[in-house]
Amino acid sequence: MDWLKLPEPDRRLAPAFTDPAGARGWIAGQPQAQPLAMLAALDAQVRAVDGADLPPASAGELLGILRATAVPLLAASETRYMRKALPLLPDDQRAFEAARQLWRDFGIAHLRLAARLPRENAAPLLHQAAGSLRMAQYVHFQAAQACPPELDRLLLGILGLAGELGVLGVALTDPDFAPLGPGHIGGLLAWAFLLRRTDPYRLSAPQLVVANRALRRWRELCEFQAAPASRVDIVELAPLFPEPLPDGIPGTLEIHRLRRKIRQRLAALEAGDSPESLKLGRELSGAACIRLLHELDRAFRPSGPATPAVDGELELVFGCDDAYALFAGRELNRPASETRPSAIAHQRMAIFGFDRPSELPDAARKPQLATERWLQRGGEQHRPAMPAGPRRLSPCLVAATLPDDAALGVLQGLYCDAGGALRGTVRWYPGRIRAAAFLPPSGGTQRAAAFVIDDGKQASLLVPASAGTRIDSPLRLEEETAPRRLGEVLERGADFVRYALEANGDAG
């Protein structure tokens with residue numbers, strides 16, 4: 001495989017140990033209570049062992065000790081960067097960088113060793129390399145950071161080398177991921193490639209966890225094929241990567257049995273089984289799991305041609321309150337001081353008998369909204385790097401004035417590219433949209449924004465996530481005499497919830 005060029009090893013570093021006893025002694029002397037410092041120290045030793053002139057067996061054993069130490073630390077660090085608002089804060093960015101670098105360096109070190117060994121000795125190292133590089137990719141998805149092309153090449157390199165050695169389907173157990181049980185290298189790579197196919201940046205944090213768990217369980221049901229017997233239930237690999245597939249890499253992944261598992265889980269959920277009983281976890285409700293599995297199934301089907309996109313600039317407002325102001329032409333809760341006539345207005349009335357309409361207490365004032373300029377390119381929206389710009393967490397509610405009228409939508413799939421720009425897509429709600437307001441069930445005098453959305457098939461109500469609304473509770477909107485009743489949750493975002501909206505009825 002002449003096309004697989006691994007990064008040059010760092011020969012400037014000398015290992016702090018050369019045998020297992022020395023490695024364990026060195027680990028005992030490291031700053032265990034300082035996670036980032038500990039991860040940095042481990043990474044330096046991984047690179048030192050990778051670049052040292054050690055026998056392959058000794059190097060593999062030392063890497064194994066370092067990896068066993070690193071795995072629980074890396075798992076504990078995930079909360080630092082897991083789907084935080086973007087761009088990440090400096091401390092969270094450092095935690096992400098430490099995790100993705102260490103997983104990458106483990107993968108490269110094991111892959112370099114495997115390339116030097118015969119088939120029977122290479123297979124376990126390739127298996128561990130695949131596991132490490134899959135985790136490096138997953139860390140990018142967790143932190144909503146763009147995956148570098150280098151990771152693509154390394155994962156494909158494992159696929160090519162394992163295929164050449166004939167070990168792609170050899171069952172092995174990764175000692176650092178024993179709960180996964182025996183599995184083969186092809187399954188780990190299928191897991192990585194299929195998760196990528198789901199457009200993981202578009203998934204919320206709970207959805208990403210559940211999707212990753214499901215694909216982990218079903219990873220062995222897929223098979224790489226150079227020339228598939230059928231075009232039905234396959235995933236083409238080439239569209240997943242920005243660069244052409246190297247020679248000798250199988251071009252498709254057969255997923256017939258995986259899709260059958262999805263259909264079986266959907267049938268069980270619709271029959272009333274809980275997600276937990278189906279090994280899907282507790283993160284999502286049954287209805288939310290059904291929606292997620294339908295989305296995964298759609299992601300694994302062949303996609304048609306992309307809809308032509310209009311390039312240009314887009315002025316976005318964020319959040320329910322500003323979206324309400326854009327639609328209604330007035331602020332939701334104007335301060336009381338702005339609703340009273342000023343002293344000057346009283347004097348004008350006393351002298352002239354009238355005042356300018358713009359200063360009357362009930363006059364409509366055009367709201368001053370904070371907007372962000374996003375660029376549209378190829379169906380994707382992006383905001384150039386803004387070091388001091390607002391941080392955003394998707395999926396979140398946005399609104400804009402389009403050529404036809406005001407539009408309400410959801411910014412989803414948000415991630416940060418290598419240059420610090422934010423990238424995502426806006427899904428606009430179709431149909432008629434009316435801005436309204438209501439008093440939250442928790443009480444108080446501050447009204448909350450609401451949007452009645454009628455797409456011609458179903459009416460729904462979108463409200464702030466902080467409003468305290470619940471399924472099957474009545475809600476009285478302004479300018480409506482009868483309360484609305486909230487049906488099932490159709491969609492949850494970082495700052496909003498959208499409910500099915502049932503017909504007007506008694507509050508009960």
Side-chain angles (χ1 to χ4, degrees), residues 83 138 141 179-181 183 186-223 225 228 230-236 239-240 252-304 394-395 410 412-413 425 427 429-430 453 455 457-460 471-472 486-493 497-502:
R83 291 306 167 93
Y138 188 52
F141 296 157
L180 294 182
L188 291 174
L189 296 174
W191 181 4
F193 296 157
L194 288 175
L195 187 61
R196 186 183 184 122
R197 175 64 179 259
T198 66
D199 190 5
Y201 302 114
R202 184 179 50 82
L203 301 177
S204 66
Q207 286 178 323
L208 178 63
V209 170
V210 174
N212 188 61
R213 181 182 295 127
L215 293 175
R216 179 194 74 191
R217 292 184 59 82
W218 303 332
R219 67 190 188 277
E220 308 292 325
L221 303 179
C222 308
E223 182 181 354
Q225 297 179 343
S230 168
R231 307 302 296 182
V232 179
D233 288 343
I234 64 167
V235 168
E236 298 276 359
L240 297 179
T252 60
L253 189 59
E254 197 277 326
I255 58 167
H256 173 72
R257 291 186 294 164
L258 181 145
R259 288 196 64 201
R260 184 170 60 192
K261 281 289 186 183
I262 292 177
R263 291 191 292 269
Q264 290 172 350
R265 291 297 190 274
L266 281 170
L269 288 167
E270 289 165 352
D273 289 357
S274 70
E276 188 176 5
S277 70
L278 298 172
K279 304 294 192 292
L280 295 172
R282 300 180 179 181
E283 289 83 1
L284 298 177
S285 67
C289 263
I290 289 173
R291 289 194 294 271
L292 174 62
L293 290 179
H294 277 301
E295 288 184 24
L296 296 184
D297 192 48
R298 282 192 295 271
F300 299 148
R301 298 176 197 165
S303 56
S394 72
V410 176
Q412 57 191 17
T425 57
R427 168 173 52 84
Y429 288 114
I453 303 172
D455 62 7
K457 299 177 181 178
Q458 182 180 34
S460 59
I471 293 175
D472 204 33
L486 303 180
E488 67 171 327
V489 173
L490 301 177
E491 185 179 7
R492 287 188 187 275
V497 184
R498 186 166 67 93
Y499 297 88
L501 191 56
E502 299 179 0

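The model shown is predicted, which means the values in this text are computed figures rather than measured ones.
- Legend: ring-ring contact (aromatic ring centres under 6.0 Å, His included) pairs involving residues 196-223, not counting sequence neighbours, sorted by first then second residue: F141-Y201, Y201-Y415.
- Within the 4.5 Å cutoff, the side chain of V235 has no heavy atoms near those of the F193 side chain.
- The stretch residues 200-210 participates, sequence neighbours left out, in these salt bridge (charged side-chain N to carboxylate O under 4.0 Å, His left out) pairs: D199-R202, R202-E295.
- Nearest heavy atom pair, residue S460 against residue R498, reads OG-NH1, 3.2 Å.
- Among all heavy-atom pairs drawn from V489 and V497, the shortest one is CG1-CG1, 4.0 Å.
- Considering CG of D472 and CD of E488, their distance stands at 12.0 Å, rounded to 0.5 Å.
- Here the straight-line distance linking atom CG of D233 with atom OG1 of T252 works out to 12.0 Å at 0.5 Å rounding.
- Contact of the L194 side chain with the C222 side chain is registered, since non-hydrogen atoms from C-beta on lie closer than 4.5 Å.
- For the atom pair CG (L501) and CD1 (I453), the distance works out to 10.0 Å, reported to the nearest 0.5 Å.
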Inset, instruction - Quick one: do L203 and V209 satisfy side chain to side chain contact (heavy atoms under 4.5 Å, CB included)? Show the steps, please. - result: CA-CA 9 Å; L203 301 177; V209 170; over 6 Å; no
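- Inter-residue side-chain proximity for R257 and E223 is flagged as unmet; no heavy-atom pair is nearer than 4.5 Å.
- Taking CZ from R291 and OG from S285, the interatomic distance works out to 6.0 Å, rounded to the nearest 0.5 Å.
- Contact check for P275 versus L284: no side-chain heavy atoms found under the 4.5 Å cut-off.
- Residues satisfying the side-chain contact (heavy atoms from CB on, under 4.5 Å) test with E276, not counting sequence neighbours, are S274, R282.
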Inset, instruction - Could you give me the CA-CA distance, side-chain angles and deciding distance for R197 and L253, then say whether side chain to side chain contact (heavy atoms under 4.5 Å, CB included) is met? - result: CA-CA 11 Å; R197 175 64 179 259; L253 189 59; over 6 Å; no
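- Taking the side chain as every heavy atom from C-beta outward, T198 and L208 never approach each other to under 4.5 Å.
- Not counting sequence neighbours, the partners of L180 by the side-chain contact (heavy atoms from CB on, under 4.5 Å) test are F177, W191, R216, R219.
- Distance alone, capped at 3.5 Å, places no donor-acceptor pair between the E491 side chain and the G493 backbone.
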Inset, instruction - Run the numbers on L280 and L292 for side chain to side chain contact (heavy atoms under 4.5 Å, CB included), then give the verdict. - result: CA-CA 11 Å; L280 295 172; L292 174 62; over 6 Å; no
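- Between I262 and L293, the shortest heavy-atom distance links the atoms CG2-O, 3.8 Å.
- Of all the heavy atoms in E220 and G187, the pair that sits closest is OE2-CA, 4.2 Å.
- Residues forming a salt bridge (Lys or Arg N to Asp or Glu O under 4.0 Å) with R263 (at least two apart in sequence, or on another chain): none.
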Legend entry - Residues Y499, I471; criterion side chain to side chain contact (heavy atoms under 4.5 Å, CB included); working and verdict: CA-CA 8 Å; Y499 297 88; I471 293 175; 4.1 Å; yes
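- To the nearest 0.5 Å, atom CZ of residue F300 and atom CD1 of residue I234 are 14.0 Å apart.
- Around atom CZ of R492, no more than 12 heavy atoms belonging to other residues, nucleotides or ligands sit under 6.0 Å away.
- Nearest heavy-atom pair, G281 versus R213, reported as atom, atom and distance to 0.1 Å: CA-NH1, 3.3 Å.
- Side chain of R196 to main chain of L240: a donor-acceptor pair is present (N/O by atom type, distance under 3.5 Å, no hydrogens or angles).
- With sequence neighbours left out, E270 forms a side-chain contact (heavy atoms from CB on, under 4.5 Å) with I290, H294.
- If you take CG on L269 and SG on C289, they are separated by 6.0 Å, rounding to the nearest 0.5 Å.
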